[in-house]
Amino acid sequence: MTNKTEFAKAMKFIPGGVDSPVRAFGSVGGEPFMVKKGKGAYIYDVEGRKYLDFVQSWGPLIFGHADKDIQKAVCDAAKFGLSFGAPSPLETKLAKLVLDKFPFLDKIRFTSSGTEATMSAIRLARAYSGKDGIIKFAGCYHGHSDSLLVKAGSGATTFGYSSSAGVPEDIAKNTFVAVYNDIQSVKAIVKANDIGTIIIEPIAGNMGLVPAKAEFLSELRKICDEKKIVLIMDEVMSGFRASARGSYDVYGIAGDIVTFGKVIGGGMSVAAFAGKSEIMDLISPLGGVYQAGTLSGNPVAMAAGIASLSKIYAKKNLYKDLNSLAKRFINGLSKAAKKHGIALQTACVGSMFGYFFAEDEVNNYDDALKSDTKRFAKFHREMIKRGVFLAPSQFETGFICEAMSKKDIDFAIKMADEAMANL
Ligand code: PLP
């Protein structure tokens with residue numbers, strides 16, 4: 001069994017051989033390796049090669065692959081059944097675990113994907129505000145629902161069609177696109193249009209890692225308060241990743257609705273949206289906003305989320321430790337880049353890190369697009385050859401997991417130094 005033969009088989013039956021386009025190596029060249037298993041900081045392909053994994057399933061695996069405690073929770077829960085289609089106390093337990101950390105959120109509803117969470121949050125915000133117009137920011141990705149696939153980051157940018165084919169013009173026309181970290185662009189749209197909702201990744205991770213400026217975010221909150229606009233903080237990626245309370249710990253700015261995903265499921269399909277009762281009680285069956293899911297809140301997924309969050313809360317220095325590894329890595333990358341005369345911009349927040357092959361600081365999508373993607377592609381290939389798996393796109397974020405050690409990071413830095421020598 002080789003990566004090549006297995007991928008060829010996949011290509012025959014699955015479009016592009018992948019169930020999510022970011023997994024393809026389209027923008028970096030070549031084909032993805034086919035995974036056999038993951039353990040801790042490492043992922044193994046079907047040929048038995050191992051890679052230090054900075055993708056970590058695109059964020060969820062904060063404790064690394066096949067974490068023993070999460071695995072046990074999943075197996076224990078599975079013994080009682082995989083899905084009930086009726087409420088179970090596990091849902092309440094995970095709801096409480098999330099909500100207890102956020103003084104400004106009263107209620108939460110679980111979904112199976114971040115896409116569903118943001119899509120439902122938008123519907124809810126529209127119902128609450130009574131207005132169809134929404135603002136999103138260029139380069140932010142909020143999943144693949146119609147209203148939000150306009151100038152989107154992540155795979156949509158990687159493959160060069162940031163607004164998807166198949167999205168009806170009638171839907172897209174209600175989505176206005178502002179410039180990240182540029183409050184004037186928001187003011188101009190709000191002045192000229194009837195806007196009821198603004199959705200933002202407060203720590204943008206889908207155009208590469210671009211944290212919001214504190215002043216920009218507080219101005220955004222002010223505009224929403226003044227104009228009675230619902231502010232949705234999309235923390236599907238940054239929630240429990242940047243810090244236990246995501247961007248709230250970094251900026252102290254509350255969203256009216258917050259969406260979660262990735263880490264809150266510990267590797268299982270869990271996402272959620274949460275808000276004050278006044279907003280959340282508009283959802284069916286209490287209110288007229290319809291939202292549903294056959295497998296939403298299933299016991300196995302809830303058990304994984306409970307195990308993941310309980311472990312997070314039990315480790316006092318978790319984010320400090322993860323951040324020191326993230327800093328160690330980007331400092332190492334910067335040093336290597338300097339040594340080889342390569343322009344590199346870096347960022348990190350909590351366990352998230354990013355790097356752009358760009359001359360100037362990156363504060364928004366246009367800045368990110370100035371990166372040298374050819375150089376990135378070569379760097380990526382050189383790192384894969386050396387057993388380090390980075391996200392196969394310039395416009396993604398990297399993730400540190402608890403299973404990584406300083407030794408792992410130093411190995412990755414050494415490999416990056418060698419890779420950069422070949423760029
Ligand atoms: N929102 C953000 C900020 C994300 O990063 C993602 C996925 O990467 C989503 C929403 C969509 O989540 P999912 O892929 O679970 O549908």
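Index from 1, following the sequence. For clarity, every value in this text was computed on a predicted model and none was experimentally measured.
Side-chain contact of Glu201 with Tyr180: a donor-acceptor pair under 3.5 Å is absent, judged by distance alone. A donor atom on one side chain and an acceptor atom on the other are not found under 3.5 Å apart for Asp69 and Gln71. Looking at Asp249 and Ser243, their side chains do bring a donor and an acceptor atom within 3.5 Å of each other. Side chains of Asp321 and Ser324: no donor on one and acceptor on the other come within 3.5 Å. Checking Gln291 against Arg109 by side-chain atom types alone, a donor-acceptor pair falls below 3.5 Å. Judged purely by distance below 3.5 Å, without hydrogens or angles, the side chains of Glu116 and Ser113 pair a donor atom with an acceptor atom. Looking only at atom types and distance, the side chain of Asn331 has no donor-acceptor partner in the side chain of Lys335 under 3.5 Å away.
Tyr51 and Tyr44 have their aromatic ring centers separated by at least 6.0 angstrom. Aromatic ring centres of Phe110 and Phe273 lie farther apart than the 6.0 Å criterion allows. Side-chain rings of Phe137 and Phe216 approach one another, their centers coming within less than 6.0 Å. Ring centers of Phe54 and Phe353: under 6.0 Å apart, within the cut-off.
At a threshold of 4.5 Å between non-hydrogen side-chain atoms, the residues Asn181 and Val210 count as touching. Considering only heavy atoms from C-beta on, Val388 comes within 4.5 Å of Phe411 through its side chain. Val22 is not listed as a side-chain neighbour of Ser393, based on a closest heavy-atom distance of 4.5 Å or more. The side-chain heavy atoms of Leu423 and Ile342, taken from C-beta on, include a pair separated by under 4.5 Å. Put simply, the side chain of Phe176 does not reach to within 4.5 Å of the side chain of Ile134, judged on heavy atoms.
The two residues Gly114 and Ala271 make their nearest non-hydrogen contact at N-CB, 3.5 Å. Here the closest non-hydrogen pair linking Ile264 and Val270 is CD1-CG1, 3.9 Å. Across all non-hydrogen atoms, the minimal contact from Phe395 to Leu369 is CZ-CD2, 3.9 Å. Closest heavy-atom contact between Thr197 and Ser129: OG1-OG, 4.3 Å. Scanning both residues, Phe379 and Tyr355, for their nearest heavy atoms gives CE2-CE1, 3.8 Å. Summarising the geometry of Ala41 relative to Cys401, their closest heavy-atom pair is CA-SG, 4.0 Å, with the distance given to 0.1 Å.
The 12-atom threshold is not exceeded at NZ of Lys93, counting heavy atoms of other residues, nucleotides or ligands nearer than 6.0 Å. Around atom OH of Tyr313, more than 12 heavy atoms belonging to other residues, nucleotides or ligands sit under 6.0 Å away. The 12-atom threshold is exceeded at NZ of Lys311, counting heavy atoms of other residues, nucleotides or ligands nearer than 6.0 Å. Surrounding NZ of Lys228 are at most 12 heavy atoms belonging to other residues, nucleotides or ligands under 6.0 Å away. More than 12 heavy atoms of other residues, nucleotides or ligands lie within 6.0 Å of NE2 in His65, so this atom counts as buried by the packing criterion. The environment of Phe104 atom CZ is dense: over 12 non-hydrogen atoms of other residues, nucleotides or ligands sit within 6.0 angstrom.
With Asp106 contributing its side chain and Lys276 its backbone, the two residues share no donor-acceptor pair below 3.5 Å. For the pair Tyr128 (side chain) and Glu278 (backbone), a donor-acceptor distance under 3.5 Å is absent. A distance-only check finds a donor-acceptor pair linking the side chain of Ser405 to the backbone of Asp408 [under 3.5 Å]. With Arg221 contributing its side chain and Ala254 its backbone, the two residues share a donor-acceptor pair below 3.5 Å. The backbone N or O of Ala358 lies less than 3.5 Å from a partner atom in the side chain of Gln345, making a donor-acceptor pair. Formation of a donor-acceptor pair under 3.5 Å by the Ser308 side chain with backbone atoms of Val263 is found in this model. With hydrogens and angles disregarded, no donor-acceptor distance shorter than 3.5 Å links the side chain of Lys131 to the backbone of Arg126. No donor-acceptor pair under 3.5 Å is formed between the side chain of Asn317 and the backbone N or O of Lys320. With Asn193 contributing its side chain and Ile195 its backbone, the two residues share no donor-acceptor pair below 3.5 Å. Within the 3.5 Å criterion, the main-chain N or O of Phe357 finds a donor-acceptor partner in the side chain of Gln394.
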Stepwise side-chain contact (heavy atoms from CB on, under 4.5 Å) check, Val236 with Tyr141: CA-CA 10 Å; Val236 165; Tyr141 176 71; over 6 Å; no

Go through the steps to decide whether Arg23 and Asp19 satisfy the test salt bridge (charged side-chain N to carboxylate O under 4.0 Å, His left out), and finish with yes or no. CA-CA 8 Å; Arg23 296 176 196 170; Asp19 280 318; 5.1 Å; no

Under the salt bridge (charged side-chain N to carboxylate O under 4.0 Å, His left out) criterion, do Asp360 and Lys370 qualify, and how do the steps go? CA-CA 9 Å; Asp360 302 313; Lys370 286 185 196 136; 5.9 Å; no

Apply side-chain contact (heavy atoms from CB on, under 4.5 Å) to the pair Leu124 and Leu282, showing each step before the final yes or no. CA-CA 7 Å; Leu124 181 58; Leu282 293 183; 3.8 Å; yes

Test salt bridge (charged side-chain N to carboxylate O under 4.0 Å, His left out) on Arg241 and Glu235; report intermediate values, then the result. CA-CA 9 Å; Arg241 251 294 163 198; Glu235 305 239 30; over 6 Å; no

Chi angles and distances behind the side-chain contact (heavy atoms from CB on, under 4.5 Å) call for Met237, Thr397: CA-CA 9 Å; Met237 185 187 290; Thr397 290; 4.1 Å; yes

Walk me through whether Phe7 and Phe25 qualify under ring-ring contact (aromatic ring centres under 6.0 Å, His included). CA-CA 12 Å; Phe7 191 62; Phe25 276 24; 8.7 Å; no

Going through the distances and angles, do Ile200 and Leu220 end up as a side-chain contact (heavy atoms from CB on, under 4.5 Å)? CA-CA 10 Å; Ile200 187 166; Leu220 192 68; 3.8 Å; yes

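The structure places NZ of Lys39 at 13.5 Å from CG of Asp53, a figure rounded to the nearest 0.5 Å. In this structure, CE on Met420 lies 12.5 Å from CE on Met415, to the nearest 0.5 angstrom. Here CG of Leu61 is found 10.0 Å from CZ of Phe399. Values are rounded to the nearest 0.5 Å. Interatomic distance, CD1 of Ile189 versus NZ of Lys191, reported as 13.5 Å (0.5 Å rounding).
Checking each of Val258, Ile108, Leu105 against Val98 for a side chain to side chain contact (heavy atoms under 4.5 Å, CB included) leaves exactly one that passes, namely Ile108. Of the candidates Asp234, Thr115, Asn206, His142 forms a side chain to side chain donor-acceptor pair (under 3.5 Å) with just one, namely Asp234.
Between Glu361 and Lys213 there is a salt bridge, since at least one side-chain N of the basic residue sits less than 4.0 Å from a carboxylate O of the acidic one.
Remark: Asp410 engages Arg328 in a salt bridge (charged side-chain N to carboxylate O under 4.0 Å, His left out) (not counting sequence neighbours).
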